[in-house]
Amino acid sequence: MTGQHQMLALVLFSGFVAVTLGITTWVSRRRHGSAEEFYAGGRLFSPMENGFAIAGDYVSAASFLGVTGLIALYGYDGMLYVVGFLVAWLVVLFLAAELVRNCGRFTLADVVAARMSERPVRIAAGTSSVTVSVLYLVAQMVGAGSLVALLLGRTSGADQAWAVIGVGALMVIYVSLGGMRATTWIQIVKAVLLLTGTVVLTALVLLRFHGDIDQLLIAAADRSGHGRAYLAPGLKYGGTWTARLDFISLGLALVLGTAGLPHILSRFYTVPTARAARRSAVWSIGLIGGFYLMTIVLGFGAAAVVGPEAVRGSNAAGNTAVPLLALDLGGGAGSTGGTVLFAIVAAVAFATILAVVAGITLASSASVAHDLYASLRRSRGTAGGRASSEVAVARWSAVGIGVVAIALGLLARDLNVAFLVGLAFAVAASANLPVLLYSLFWRGFTTRGAVWAVYGGLIPALGLVLLSPVVSGSPSSLFPGVDFQYFPLQNPGIVSIPLGFLAGWLGTITSDEVADEAKYAETEVRSLTGAGAV
């Protein structure tokens, strides 16, 4: 890329960083250090504000960079991610948003612990939440490395490493200083920027083809090198029975995983009432739905305008399709329009990564402090002292989580970011969703069932990923030089999700514990009416 591209993009990105750091500094001066302020922003956000923040939290680098890249490379099969991400919100709206807001306080474990023995449940749910969050963070770090490599025209490991380290440092600052209030405003600003940029790019693609979608699809198919097969199922997932099972597995993970994502569930605690939580979900569905419909146009536009070969030449996983599309739509390399549009898209993508990693880091640090630390700590301090200590632990845990995410991001930098997020969704659907649904809807659910449901989904999901082609046994694996691949699918959801539900059922029926009818009745009334909710 030319020096103009680099300078303008860096100036725009630096402007976003300056604004968001200003927000963080302003919030940090106004905070009063309570757990409710740090974890939930004081529960003062309106449904519209929270809807924009959810959209900013949910629409990640995996969507803006990875999904469009997969559509550009694989056509119809790449759209599976669009359908999965969008349909998943129906599960969130009807099964999670209002009920979680009524039953919990800050984290997923709050919902489950209301009925069970608190300590084992919090440790299990906290462990699972941190694992899912770290996997999700890795995808954002990979996106950051790919984008900086394209922006600076440098593909060396050292350049990508410094990009990932810089993003990690910023996310730690956002979370440790500003908490949920700063993170929410950063996500709102990012959502507005991202949606505006996406609308502009979509309009330019449609103008290029005179508003004729058929012409766009035909051009994309012709440029793809696959002809009509590019617009039909099977290019990526339909060649063999293994590929078809992988297709089903990924679909299950995407549709069911959203309701188990810790950073999405925690957003429903930032509004004052359950009704506001439901309205937040409705706002977010509209915003997210519009965005994903536009990514379809951008993906096929990248195939038609840039070409899959050029996309692969820039990044083998397709993560740079949108910036390359923006460059071409603006007039090509060296043109003023191309330079400006490329710089804007690169800056928006940076903003996307920063906002999402801030939200995920906050959710995972909350799980460490509110669930793991609070369960293991044996102190007779006052409630206020415990809350203050919890917040301090949350701030420090953000640093540790950032370090782990940076290290894993460097290891996985050659994988597609949307694919990496698919793994995080599979783990969330396997470990978090079963325990959440059983706690809300099964009267006889017990503590052993809750613990078994979490570990019965978490351990198989992680184990199958380690034994899959993702880690070894193929040229695109994390460790291509070794082969301990025994599980043929890239996504474990089709096996690990049923195992999570089965383990929860087995744990419950084999338990000597008698489920507390009174606590279940209280949970049922609170979840459905909001009576007694925090």
Side-chain angles (χ1 to χ4, degrees), residues 62 66-67 69-85 87-88 132 135 138-139 142 224-257 299 303 308 311-312 315-319 411-412 414-431 433 456-503:
V67 170
L70 285 173
I71 294 174
L73 296 180
Y74 301 107
Y76 183 96
D77 280 7
M79 289 196 300
L80 170 66
Y81 285 86
V82 174
V83 176
F85 285 144
V87 172
V132 172
L135 284 172
V138 170
V142 171
S224 71
H226 298 286
R228 291 184 176 274
Y230 180 77
L231 302 177
L235 194 60
K236 181 174 174 61
Y237 294 109
T240 64
W241 276 106
T242 300
R244 293 172 187 174
L245 287 175
D246 229 344
F247 179 91
I248 297 171
S249 186
L250 176 62
L252 285 173
L254 295 180
V255 171
L256 299 178
V311 172
R312 283 193 181 93
N315 181 271
N319 295 330
L411 183 65
D414 292 327
L415 296 180
N416 181 277
V417 289
F419 167 74
L420 288 171
V421 164
L423 296 182
F425 273 63
V427 178
S430 303
L433 186 64
L458 178 65
I459 294 173
L462 294 178
L464 291 175
V465 169
L466 290 175
L467 299 176
S468 74
V470 175
V471 176
S472 70
S474 72
S476 60
S477 300
L478 291 179
F479 304 105
V482 294
D483 187 0
F484 46 88
Q485 173 197 335
Y486 298 102
F487 181 66
L489 306 183
Q490 293 189 334
N491 192 292
I494 195 171
V495 176
S496 59
I497 294 173
L499 285 178
F501 281 97
L502 178 62

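What you see is a predicted model, and the numbers here were worked out from it, not measured in a lab.
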Worksheet item: Looking only at heavy atoms, what is the nearest atom pair of V82 and V67, with distance?
Response: CG2-CG1, 3.6 Å
Worksheet item: Quick one: are V495 and L245 in side-chain contact, heavy atoms under 4.5 Å?
Response: no
Worksheet item: Can you check whether Q485 reaches S472 side chain to side chain, under 4.5 Å on heavy atoms?
Response: yes
Discussion item. Could you walk me through whether Y81 and L250 satisfy the side-chain contact (heavy atoms from CB on, under 4.5 Å) test, starting with their C-alpha distance in whole Å, then the side-chain angles of each, then the deciding distance to 0.1 Å, before giving a yes or no?
Written reply: CA-CA 8 Å; Y81 285 86; L250 176 62; 3.5 Å; yes
Worksheet item: Closest heavy-atom contact between P498 and G493?
Response: CD-O, 3.6 Å
For residues 69-78, please give each side-chain donor-acceptor pair under 3.5 Å, one per line with the distance, not counting sequence neighbours.
from: D77; atom 1: OD1; to: G234; atom 2: N; distance (Å): 3.1
from: D77; atom 1: OD2; to: G234; atom 2: N; distance (Å): 3.2
from: D77; atom 1: OD2; to: L235; atom 2: N; distance (Å): 3.2
from: D77; atom 1: OD2; to: K236; atom 2: N; distance (Å): 2.8
from: D77; atom 1: OD2; to: Y237; atom 2: N; distance (Å): 2.8

Worksheet item: From I248 CD1 over to L80 CG, what is the distance, rounded to the nearest 0.5 angstrom?
Response: 10.5 Å
Worksheet item: Once you round to the nearest 0.5 Å, how far does CG of L464 lie from CZ of F487?
Response: 4.5 Å
Worksheet item: Can you name the closest pair of heavy atoms from L254 and A88 and give their distance?
Response: O-CB, 3.3 Å
Worksheet entry | For the student: nearest non-hydrogen atoms of N491 and L423, plus distance | ND2-N, 4.0 Å
Worksheet item: So do the side chains of F484 and V471 get within less than 4.5 Å of each other, counting heavy atoms only?
Response: yes
Item to complete: Output yes when a side-chain donor or acceptor of S249 lies under 3.5 Å from a complementary backbone atom of D246, and no otherwise.
Response: no
Discussion item. Checking S496 now: which residues fulfil side chain to side chain donor-acceptor pair (under 3.5 Å) with it, not counting sequence neighbours?
Written reply: S430
Practice prompt. For residues F425 and A253, report the shortest heavy-atom separation together with the two atoms involved.
Written response: CB-O, 3.5 Å
Worksheet item: Between A461 and V427, which heavy-atom pair has the shortest distance, and what is it?
Response: CB-CG2, 4.0 Å
Worksheet item: Does a sphere of radius 6.0 Å around CZ in R244 hold more than 12 heavy atoms from other residues, nucleotides or ligands, not counting ones at 6.0 Å or beyond?
Response: yes
Response to the item:
Those residues at least two apart in sequence (or on a different chain) that pass side-chain contact (heavy atoms from CB on, under 4.5 Å) with P488 are T242
